[in-house]
Amino acid sequence: MAETKRTSAGQKKTVKAKPKISLILPVYNEEGNLRIQYAKIADALSRIKYSYEIIFVDDGSTDSSTDILKEIAAKDKQVKLILFRRNFGQTAAMSAGIEYSSGEIILFMDSDLQNDPEDIGRLVAKINEGYDVVSGWRVNRKDSLFIRKIPSKAANWLISKISGIKLHDLGCSLKAYRGDILRQISLYGEMHRFIPIHVSWIGASITEIPVNHNPRIYGQSKYGLKRVFKVILDLITVKFLGSYSTKPIYLFGGFGLIQIFFGIACGAATIVMKYTLGRNMTGNPLLSLTIILLIIGVLFIQMGILAELMIRIYHEAKHTRPYHIDKTINF
Ligand code: UDP
Ligand code: MG
C-alpha cells in the first residue's frame, strides 16, 4: 500500500478522541442515485459511531433531485441541505459545503454511487492516525479506458511530477481532510482536483489508501473530454501559484531578461554582419528579430512589476500572509 507522508514538521498531530465528521456531497441531477446513496451512507456512518452531519449541496439540479433531498432532510436532522440558485460547478458546491460544515473531519464523496460509503471508516481511521489528508485511490476504477482512465493516468503522473505530491489518483472524490487545514484555502474554477496540492503548501501531511469504485448506473457523468484542457490550464495555474505567487517578477522578469539578452545578441550580430560581411542592416531578418525580442522582453518585465503590485494588493485585501503558522508559543 502506498503511503506518502509530506509534512514540514514531520510529526503526527494528536486528534480529539471522537471528532465530528462532516460528509459533503455535491449533487447535480442525480435523482436516480440519491435515495440509495443516502441509505448507504447513513448506515455506514451509524456503524462507525461518530457524531456526524451529511451535507448535500444541490448545485442547481433541474431534475427531481432537489425534491428528493428535501424529503430526506425532513426525516433526518443530521442531513443538511445547501441549495444553489443555479449550476455553479462541483468546486463551488464543495466550497459551500466546507463553509457551512462544523466537523473536525471533512469528507467528500460523489452522490452518484461510484464511491463506496463502506470506505468512510478506513479514511477516518487514517485521519485519526494523525494525517491531515487521506486521499482515496481507485485501484480498480470502473470507468471507460480511453476517455477516462488513460487521460487520468497521464494527468496524475504529470501533476505529481510538477507538484512533487506523490498521489496516484487526484481525481478521486472520496477524500478526508482535517477541517482546520481545509478551511484555510480558497478554491476557484474546477480546482477541487488540486485540493491536496493546495493544502500541501500549508504543510499538510498526506497519505492515500485504496478505495472501491463502482460503475455509474443511474444518470450520466457531468464531464467529457473537455476536462483534459481544463486540467492542463489548472495545472499551469497551480504551478504558478505554488512556485511564483509571492514572487511573480522572477518568472516574468526572468523571461523578459532572457529575451532582452537574445535581442541584444541579435542586434550585435546585425551590426557585426554589416561591417564584416557588408550586409545591409535593413535587409537582415535578424534586425526584425532584435526589435521583437526587445519589445517582448520589456513587456514581460512590465508584466512582472504589475503582478508584484497585484499580489501585494491581494494579500493586504485578504489579510493573508505569505506563510502559514502551525503554532506559536509564549505569546
Ligand atoms: N457535480 C456537481 N456539479 C457539477 C458537476 C458535477 O455537483 O456541475 C457532482 C455530481 O453530481 C457528482 C460529482 O459532482 O456527485 C461528480 O460528478 P460526475 O460523477 O459527473 O464526475 P465523474 O465521476 O464522471 O468524474
Ligand atoms: Mg461519477
Side-chain angles (χ1 to χ4, degrees), residues 22-41 54-69 72 79-101 106-117 119-120 135-156 159 167-176 187-196 211-232 234:
S22 297
L23 177 62
I24 300 172
L25 300 99
V27 179
Y28 183 48
N29 294 345
E30 304 286 1
E31 58 187 0
N33 297 306
L34 291 174
R35 286 198 184 86
I36 315 172
Q37 179 76 316
Y38 163 70
K40 285 191 170 181
I41 52 187
I54 303 170
I55 304 177
F56 283 104
V57 188
D58 178 12
D59 184 14
S61 295
T62 50
D63 63 358
S64 62
S65 297
T66 317
D67 297 329
I68 298 171
L69 289 175
I72 296 171
V79 172
K80 296 173 181 173
L81 297 188
I82 300 170
L83 309 177
F84 278 3
R85 283 186 193 276
R86 64 166 174 85
N87 180 246
F88 285 96
Q90 191 179 345
T91 302
M94 291 165 71
S95 303
I98 298 169
E99 188 162 351
Y100 281 82
S101 67
I106 297 180
L107 272 130
F108 294 103
M109 181 181 279
D110 284 350
S111 44
D112 58 359
L113 299 171
Q114 290 201 268
N115 302 127
D116 185 355
D119 288 320
I120 295 175
S135 176
W137 171 17
R138 297 165 291 184
V139 180
N140 260 316
R141 188 169 171 187
K142 303 284 176 10
D143 276 322
S144 66
L145 185 65
F146 288 106
I147 60 167
R148 288 332 225 346
K149 292 206 270 195
I150 290 174
S152 154
K153 269 232 154 62
N156 280 304
I159 294 167
L167 286 180
H168 288 89
D169 193 5
L170 277 157
C172 178
S173 302
L174 183 59
K175 289 185 163 54
L187 299 170
Y188 303 94
E190 288 191 6
M191 283 289 185
H192 61 270
R193 303 187 186 97
F194 294 93
I195 300 177
V211 294
N212 294 324
H213 194 243
N214 303 310
R216 199 188 238 279
I217 297 169
Y218 307 105
Q220 280 163 4
S221 170
K222 309 301 179 291
Y223 303 101
L225 267 181
K226 231 176 26 185
R227 118 164 94 189
V228 171
F229 298 103
K230 291 184 177 172
V231 168
I232 292 171
D234 280 343

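Throughout, numbering of the chain's residues begins at 1 and tracks the sequence. Just so you know, ligand 1 is whichever comes first in the structure, and atom 1 is the first atom listed for that ligand. What you see is a predicted model; the values in this text were computed from it and never measured.
Looking only at atom types and distance, the side chain of Ser111 has no donor-acceptor partner in the side chain of Asn33 under 3.5 Å away. No hydrogens or angles considered: a donor-acceptor pair under 3.5 Å links the side chains of Arg141 and Ser152. Counting only N and O atoms by type, the side chains of Glu31 and Ser64 include a donor and acceptor under 3.5 Å apart.
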ask   = Given Lys222 and Glu30, is the salt bridge (Lys or Arg N to Asp or Glu O under 4.0 Å) satisfied, shown in steps?
value = CA-CA 10 Å; Lys222 309 301 179 291; Glu30 304 286 1; 3.2 Å; yes
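Heavy-atom contacts of Asp59 reach the following atoms of ligand 1: 2 (C), 3 (N), 4 (C), 7 (O), 8 (O) (cutoff under 4.0 Å). Each of the atoms 13 (C), 15 (O), 16 (C), 23 (O) of ligand 1 lies under 4.0 Å from some heavy atom of Asp110. Contact atoms of ligand 1 toward Arg216: 18 (P), 19 (O), 20 (O) (distance under 4.0 Å to a heavy atom of the residue). Per-residue contacts place Arg148 under 4.0 angstrom from the following atoms of ligand 1 (heavy atoms of the residue considered): 22 (P), 24 (O), 25 (O). The atoms of ligand 1 that sit less than 4.0 Å from any heavy atom of Arg227 are 25 (O). Counting atoms of ligand 1 from 1 in the listed order, those under 4.0 Å from a heavy atom of Gln114 are 19 (O), 23 (O).
Any N or O atom pair closer than 3.5 Å counts here, and Ala93 shares no such pair with ligand 1.
Nearest to atom 17 (O) of ligand 1 by heavy atom, out of Tyr28, Tyr223, Phe88, is Tyr223. Comparing Cys172, Ser152, Ser221 by heavy-atom distance to atom 24 (O) of ligand 1, the nearest is Ser221.
Residue-level proximity to ligand 1 for Arg141 is absent, since no heavy atom of it falls below 4.0 angstrom.
Between His192 and Tyr223, the ring-plane angle classifies as tilted under the 30° and 60° cut-offs.
The environment of NZ in Lys142 is crowded: more than 12 heavy-atom neighbours from other residues, nucleotides or ligands sit within 6.0 Å.
At least one N, O or S atom of Gln114 sits under 2.8 Å from the Mg ion (ligand 2). The Mg ion (ligand 2) has no N, O or S atom of Asp143 under 2.8 Å away, backbone or side chain.
The shell of residues lying under 4.0 angstrom from ligand 1, judged by heavy atoms, includes Gly89.
Remark: Arg86 qualifies as a cation-pi partner of Phe88 under the 6.0 Å distance and 45° angle criteria applied to the six-membered ring.
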